[in-house]
Amino acid sequence: MAAYVCLVEVRLHINDSGSLKSKRKTLSSLKTQVRQRFGAAVAEIDGHETWQRATLLIALVGGAEVGARADDLER
């Protein structure tokens, strides 16, 4: 059986965020939804100090279906 790893980098601009606390709340919700829906690992890798920007790295691991899951994630 072959194993595949797919990494997706997502750069976000959170327009409605007025503070770091607001941004963290939005990102927390988004990361939880991605984990539950796609079974992915999610980490914030950039934009820690800014209150409207964030960069997430999402990792998908599995068999040949990983490509289709990544396509769904991007949509």
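Source: prediction; values computed, not measured. Residues: numbered from 1 along the sequence shown.
- The line from CZ of Arg37 to CG of Asp72 is 7.0 Å long, rounded to the nearest 0.5 Å.
- Hydrophobic clustering (ILVMFWY, side-chain heavy atoms < 4.5 Å, transitive): Phe38 and Tyr4 are in one cluster.
- By the 4.5 Å heavy-atom criterion applied to side chains, Arg53 and Leu12 are not counted as neighbours.
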Tell me which donor-acceptor pairs under 3.5 Å the side chains of residues 57-67 have, and how far apart each pair is, sequence neighbours excluded?
residue, atom, partner, partner atom, Å
Glu65, OE1, Gly63, N, 3.3
Glu65, OE2, Gly63, N, 3.4

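- For Lys23, the side chain to side chain donor-acceptor pair (under 3.5 Å) partners at least two apart in sequence or on another chain are Glu44.
- Taking 4.5 Å as the limit, some side-chain heavy atom of Asn15 sits within range of a side-chain heavy atom of Gln52.
- Applying the side chain to side chain donor-acceptor pair (under 3.5 Å) rule to Ser29 yields the partners Gln33; only residues at least two apart in sequence or on another chain are considered.
- Using a distance-only test at 3.5 Å, with no hydrogens or angles considered, no donor-acceptor pair links the side chain of Thr55 to the main chain of Ile45.
- Using a 4.5 Å heavy-atom cutoff, the side chains of Leu56 and Leu30 are in contact.
- Of the possible polar contacts, none joining the Ser28 side chain to the Arg24 backbone as a donor-acceptor pair under 3.5 Å is found.
- Taking CH2 of Trp51 as the reference point, atom OG of Ser17 lies at 7.0 Å (rounded to 0.5 Å).
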Show your reasoning for whether side-chain contact (heavy atoms from CB on, under 4.5 Å) applies to Ile14 and Leu27. CA-CA 9 Å; Ile14 306 165; Leu27 284 179; 4.0 Å; yes

